[in-house]
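Before any comments, here is the structure.
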Amino acid sequence: MDDSQSKQRPVAPGDSPALLLGGLRKAFGDVVAVDGLELQVARGECFGLLGPNGAGKTTTIEICEGLTTADSGAVELLGLNWQTGADELRQRIGVQLQETQFPEKLTVEETLRLFRSFYRRGLSVDDSIRTAQLEEKRAGRVGTLSGGQKQRLAMACALVGDPEMLFLDEPTTGLDPQARRHLWDLVDALKQAGRTIILTTHYMEEAERLCDRVAIMDHGRVIAQGSVPQLIASIGAEHIVEFAVAERERHEVNIASLLAIPGVQSHRVDAGLHQLSVIELHTAVPAIFAALDQQRLTLSEFRTHSATLEDVFVNLTGRTLRDE
């Protein structure tokens with residue numbers, strides 16, 4: 001990370017929020033994409049909007065970026081709004097869209113020189129290329145880049161104006177695991193430099209890894225908000241036990257006997273897979289095995305994992321984050 005990125009002003013407790021949304025609403029015909037959204041993001045915070053496709057994340061972030069106009073509600077960024085401070089805001093924010101189309105005949109260097117020309121101040125093209133680790137592709141045409149390299153170029157273009165606030169809309173969708181982790185490392189470095197980052201994602205691991213706080217969205221509304229540990233603690237269970245039985249025995253599972261086990265908080269079943277929210281895994285698992293054995297059930301699957309943001313969403317909605 002270059003020197004200009006390490007000189008971000010530290011966030012003072014009395015600072016105004018970097019982002020303030022009040023009563024935000026946007027509909028497309030009969031479909032309400034954003035429904036009375038209230039949100040506040042502190043300066044220097046990495047804030048995640050998490051939810052399934054269609055939850056309203058992208059519409060919300062496009063309103064914040066000035067690309068879409070809200071039907072009603074207030075939007076304030078860095079103490080400014082798009083009605084009176086659009087020119088100033090364009091100089092102070094960076095945007096990585098969910099999918100960025102670059103002229104494929106231009107080289108990486110030419111693309112960054114073009115984007116750098118839009119700003120009064122910012123990073124040098126050399127620094128931008130180095131930040132995105134695209135040195136070897138400097139003279140390569142955009143059309144020859146891999147998906148991960150194009151995403152890194154999009155990030156470099158978003159950073160070339162040295163923005164105070166950065167919007168990242170599903171930045172790792174479609175990337176292979178190595179490319180995804182590379183972008184995570186880049187976002188981590190930006191966090192350490194004190195940038196305010198607004199990130200949308202439907203990857204729970206991404207939100208858990210990168211975000212200071214998360215707002216979980218569903219049907220255009222925020223249904224839960226807080227730090228990742230706070231949200232996971234809110235479901236009252238530390239672990240999830242999942243099991244399946246032979247198909248011929250599915251109707252024979254006695255749910256009441258499982259819920260009677262000390263430490264078992266809740267139960268749900270999805271496509272034959274039973275999920276139990278539990279505390280004190282070391283005592284609950286033997287008791288679950290004993291209950292299933294007493295019912296003479298044949299296990300076809302059994303596994304456990306620590307509770308995650310996915311489990312928070314399931315607990316709140318009965319659906320998974322991957323559901324449309």
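As the structure is a prediction and not an experimental result, all values here were calculated from the model.
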Taking all atoms of both residues into account, what is the closest heavy-atom pair of [X] and [Y], and its distance?
X	Y	result
L183	P171	CD1-O, 3.5 Å
L231	A224	CD2-CB, 3.8 Å
A291	L258	CB-CD2, 4.0 Å
Q295	N254	OE1-N, 2.7 Å
C46	L210	SG-O, 3.4 Å
V34	L24	CG1-O, 3.4 Å

Establish, from distance only, whether the side-chain atoms of [X] and [Y] form a donor-acceptor pair under 3.5 Å.
X	Y	value
D218	T317	no
Q151	T172	no
Y119	R90	no
R43	S16	yes
T196	E164	no
Q98	T173	no
R213	Q225	yes

Check ion pair [X]-[Y] (N to O, under 4.0 angstrom):
X	Y	answer
E301	R303	yes
E205	R181	yes
R296	E252	no
E242	R268	no
D87	R120	no

Let me check something: do [X] and [Y] share a hydrophobic cluster, defined by ILVMFWY side-chain heavy atoms less than 4.5 Å apart, either directly or through other members?
X	Y	result
L77	L97	yes
L299	V264	yes
V160	I197	no
L112	V95	no
L145	F102	yes

Between [atom1] of [X] and [atom2] of [Y], what distance do you get to the nearest 0.5 Å?
X	Y	atom1	atom2	result
T298	R248	OG1	CZ	5.0 Å
E104	T144	CD	OG1	9.0 Å
K150	T111	NZ	OG1	11.0 Å
S227	E208	OG	CD	11.5 Å
N81	L20	CG	CG	11.5 Å
R141	E110	CZ	CD	7.0 Å

Using only atom types and a distance under 3.5 Å, with no angle test, would you say the side chain of [X] pairs donor to acceptor with the backbone of [Y]?
X	Y	result
R25	D71	no
K26	T69	yes
E206	Y203	no
R180	L175	yes
K57	G51	yes
S300	A244	yes
T131	D127	yes
D311	T308	yes
R116	G161	no
W82	C64	yes

Take a 6.0 Å sphere around [atom1] of [X] and say whether it holds more than 12 heavy atoms from other residues, nucleotides or ligands.
X	atom1	value
R138	CZ	yes
E247	CD	no
R92	CZ	yes

Contacts of R209 that satisfy salt bridge (Lys or Arg N to Asp or Glu O under 4.0 Å) - sequence neighbours left out
D185, D188
What verdict does the side-chain contact (heavy atoms from CB on, under 4.5 Å) test give for I261 and L259, after you've listed the backbone C-alpha separation in whole Å, the side-chain angles of each residue and the deciding distance to 0.1 Å?
CA-CA 5 Å; I261 296 172; L259 289 172; over 6 Å; no
When the ring centroid of H274 is compared with that of H267, is the distance short of 6.0 Å?
yes
Check side chain to side chain donor-acceptor pair (under 3.5 Å) between H219 and all other residues, then give those that pass, not counting sequence neighbours.
none
Evaluate M217 against I223 for side-chain contact (heavy atoms from CB on, under 4.5 Å), listing each step before the verdict.
CA-CA 6 Å; M217 291 188 67; I223 59 174; over 6 Å; no
One pair to check against side-chain contact (heavy atoms from CB on, under 4.5 Å): E238 and V278. What are the steps and the verdict?
CA-CA 6 Å; E238 301 169 356; V278 307; over 6 Å; no
Which of L168, D169, L50 passes side-chain contact (heavy atoms from CB on, under 4.5 Å) with T200? It is D169
